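First up is the structure itself, then whatever we jot down about it.
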Amino acid sequence: MLDQIHLLAAVTVVGVLEQAYFFLQVIYARRLFGISPPKTSGPPEFERVFRAQVNSSEYFPIFLALLWQAGLFFHQGLAAALGLLYLYSRYCYFMGYRTSSSERLAPIYFSTGVLWILVAASALGILHSLLSHYVGLNLLQLLTA
């Protein structure tokens, strides 16, 4: 069983580390600009770092759910590769947003596209599983015949 999920687990750990890095960047920005919690406003430089972290953490559960569903029901290797691509684009998003709000746009569009591919892989994998289990219909055999 572990050989079927080790790539997904590794990408999950990388994602958690990335989230921790983003959290730390907010702490550093708070110290730099003298913004004590629970305040969330301050100079634009602080607000951009704060929003980039919050936006990334809001999407993280969606990413994890799709990563694991696509990996378990469709293909672990493809899901892990897409997961790494998503995490890299989120890093680019964070660094771009930190610089300027307009610098976040290309990476956010790219990461959203990766999420949609994970949605499609998840849906196809789950559909295949349901059809083969409940109807006895194997989509892979139909496609290769």
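These numbers were taken from a predicted model, which means no experiment stands behind them.
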### Query
Does a side-chain heavy-atom distance below 4.5 Å link Leu66 with Tyr86?
no
### Query
Is any side-chain heavy atom of Glu103 closer than 4.5 Å to a side-chain heavy atom of Arg98?
no
## Note on the structure
side chain to side chain contact (heavy atoms under 4.5 Å, CB included) filter on Phe74, not counting sequence neighbours, yields Leu78, Ala121, Leu124
Exercise: identify the closest heavy-atom pair between [X] and [Y]:
X      : Y     : value
Leu7   : Ala80 : CB-CB, 3.8 Å
Leu67  : Gly83 : CD1-CA, 4.1 Å
Leu8   : Leu72 : CD1-N, 4.1 Å
Pro107 : Ser89 : CB-O, 3.5 Å

Calculate, to the nearest 0.5 Å, the distance between atoms [atom1] and [atom2] belonging to [X] and [Y] respectively.
X      : Y      : atom1 : atom2 : result
Arg30  : Gln25  : CZ    : CD    : 13.5 Å
Ile117 : Leu82  : CD1   : CG    : 6.0 Å
Asn138 : Leu131 : CG    : CG    : 9.5 Å
Leu85  : Leu115 : CG    : CG    : 10.5 Å
Ser57  : Phe23  : OG    : CZ    : 5.0 Å

Using links of under 4.5 Å between side-chain heavy atoms of ILVMFWY residues, direct or through other members, which residues join [X] in one cluster?
X      : value
Ile108 : Tyr93, Tyr97, Leu105, Tyr109
Val13  : Leu17
Tyr28  : Leu24, Ile27
Tyr21  : Phe22, Val26, Leu32, Phe33, Ile35, Phe46, Val49, Phe50, Val54, Tyr91, Phe94, Met95

### Query
Got a sec, which pairs hit side-chain hydrogen bond (donor to acceptor under 3.5 Å, both in side chains) with one end in residues 59-72, sequence neighbours left out?
Thr12-Trp68
### Task
Determine which pairs satisfy side-chain hydrogen bond (donor to acceptor under 3.5 Å, both in side chains) with at least one residue from residues 33-50, sequence neighbours left out, and list them in order.
none
List in chain and number order the residues that pass side-chain hydrogen bond (donor to acceptor under 3.5 Å, both in side chains) with [X], two or more places apart in sequence or in another chain; answer none if no residue qualifies.
X      : value
Arg51  : Asn55
Glu18  : none
Ser100 : Ser102

### Task
Could you name each residue pair satisfying ring pair (Phe, Tyr, Trp, His ring centres under 6.0 Å) that touches residues 115-142, not counting sequence neighbours?
none
### Message
Please check: side-chain N/O of Gln76 versus main-chain N/O of Gly71, any donor-acceptor pairing under 3.5 Å?
### Response
no
### Message
Tell me whether Ser129 contacts the main-chain N or O of Gly125 through its side chain, where contact means a donor paired with an acceptor under 3.5 Å.
### Response
no
### Query
Under 4.5 Å between side-chain heavy atoms, hopping through other hydrophobics if needed: is there a path connecting Val11 to Tyr88?
no
